[in-house]
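Down below is the structure, laid out as structure tokens.
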Amino acid sequence: MNSESHSAAEIPSRLDLVQEDIRLACEAADRPANAAKLVAVSKTMPAAAVADAIEAGQRIFGENRVQEAHGKWPALRDLHPDVELHLIGPLQTNKVKEDVALFDVIETVDRPKLARALAVEMERVAKRPRCFVQVNTGEEPQKAGIAPDEAPEFVTLCRETFALPIVGLMCIPPQDEEPAMHFALLAKLAGELGLKELSMGMSADFETAIMFGATYVRVGTAIFGARVLLE
Ligand SMILES: *Cc1c(COP(=O)(O)O)cnc(C)c1O
């Protein structure tokens, strides 16, 4: 095991600490204490660790690998139907059927072909997971997300042509840059588009994200410890 990993016993206290930091950051930003919700990112973590977090009261989780989520979550969801599961990683157009079936929120809609496939599947099964559009605020070629200057047109396409339930924007800032300018850009775009939800901020920077208006922060390491497996 990685020496930085937390023992299972630490998960409830880590969760408490993160929740407290979120409350303090909301207060410092003059926002209501519950303005930013915690998405506990459980990717690579075993089902037992997730169960500990659920036991401790956590109800919103994020997974970035569709295949892993499909192995881990159906059994957990049977036990805890009130859990809200977010997909925070890439989707494949030919696998949207499984994604629409499993997830309550899809945070990574970023291209027309995918938007169309999601719309067709949602119509077919009459289940409509809320969606975020992922914006590649750093315009990094290797990263998913729509370019900021293409985001308005893409959001309009999602809403008007595909009637997707788009509720907000999501971003993952470049690792080697100050995240603040990326959070500010995402908040500005969401404001211009009339979108209420902003998914931004991870273990290292969720307090900054809350200053810039995050309504969901995605936190993994600070709760579950370092990830041992490849992401
Ligand atoms: C892994 C991941 C996170 C959580 O990152 P931590 O630094 O462990 O908090 C957040 N968002 C996305 C999209 C991720 O893939």
Side-chain angles (χ1 to χ4, degrees), residues 1-6 10-11 13-22 25 36-46 49-50 52-53 58 60-70 72-73 84-92 99 102-111 114 129-140 142-146 167-180 182-183 185-187 197-231:
M1 282 300 281
N2 187 307
S3 59
E4 281 178 75
S5 296
H6 308 316
E10 289 180 75
I11 290 173
S13 58
R14 291 275 170 173
L15 261 173
D16 277 351
L17 285 175
V18 171
Q19 290 283 17
E20 180 61 15
D21 286 345
I22 290 173
K37 297 194 192 83
L38 173 61
V39 180
V41 176
S42 48
K43 64 188 187 197
T44 80
M45 294 300 154
V50 178
D52 287 341
Q58 178 62 28
I60 310 178
F61 290 85
E63 291 282 347
N64 78 329
R65 284 188 152 195
V66 171
Q67 219 181 342
E68 181 193 339
H70 281 287
K72 199 156 73 183
W73 276 97
E84 179 177 294
L85 192 57
H86 290 220
L87 176 57
I88 60 170
L91 299 91
Q92 283 172 279
D99 302 324
L102 183 64
F103 292 97
D104 304 296
V105 177
I106 295 173
E107 296 204 13
T108 47
V109 181
D110 68 350
R111 55 195 191 277
L114 174 62
R130 282 169 289 143
C131 296
F132 287 71
V133 166
Q134 181 175 357
V135 181
N136 186 356
T137 57
E139 306 198 51
E140 296 171 279
Q142 81 286 7
K143 201 167 264 177
I146 190 103
V167 297
L169 302 179
M170 176 269 209
C171 76
I172 309 171
Q175 276 190 345
D176 53 355
E177 285 180 28
E178 272 301 316
H182 298 276
F183 297 153
L185 172 59
L186 199 72
E197 310 292 350
L198 279 172
S199 173
M200 56 190 197
M202 321 204 305
S203 290
D205 54 22
F206 67 87
E207 285 132 317
T208 307
I210 289 171
M211 290 300 297
F212 284 90
T215 61
Y216 287 91
V217 292
R218 310 179 307 266
V219 178
T221 312
I223 298 166
F224 294 106
R227 288 178 287 272
V228 181
L229 304 170
L230 285 177
E231 277 171 37

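When a ligand or atom number is given, it counts from 1 through the structure's own listing order.
- Interface of V219 with ligand 1, defined as ligand atoms under 4.0 Å from a residue heavy atom, comprises 9 (O).
- Each of the following atoms of ligand 1 lies closer than 4.0 Å to a heavy atom of R218: 4 (C), 9 (O), 10 (C), 11 (N), 12 (C), 13 (C).
- Ring geometry, Y216 versus H86: the interplanar angle falls from 30° to 60°, so the pair is classed tilted.
- With respect to E63 and K72, a salt bridge is recorded, a charged nitrogen being found less than 4.0 Å from a carboxylate O.
- Under a 4.0 Å heavy-atom criterion, R227 is in contact with ligand 1.
- The nearest non-hydrogen atom to atom 10 (C) of ligand 1, considering only M170, Q134, K43, M202, comes from M202.
- Salt-bridge check for K37 with E84: failed, with every basic side-chain N at 4.0 Å or more from each acidic carboxylate O.
- Considering every non-hydrogen atom in both V105 and F132, the closest pair reads CG1-CE1, 3.6 Å.
- Taken to the nearest 0.5 Å, the CD atom of Q134 stands 10.5 Å off from the CD1 atom of I146.
- For ligand 1, the atoms lying closer than 4.0 Å to a non-hydrogen atom of I172 are 13 (C).
- Classification of E68 and R65 as a salt-bridged pair fails, no side-chain N sitting under 4.0 Å from a carboxylate O.
- The distance criterion of under 3.5 Å between nitrogen or oxygen atoms is met by G220 with respect to ligand 1.
- Contact atoms of ligand 1 toward T221: 6 (P), 7 (O), 8 (O), 9 (O) (distance under 4.0 Å to a heavy atom of the residue).
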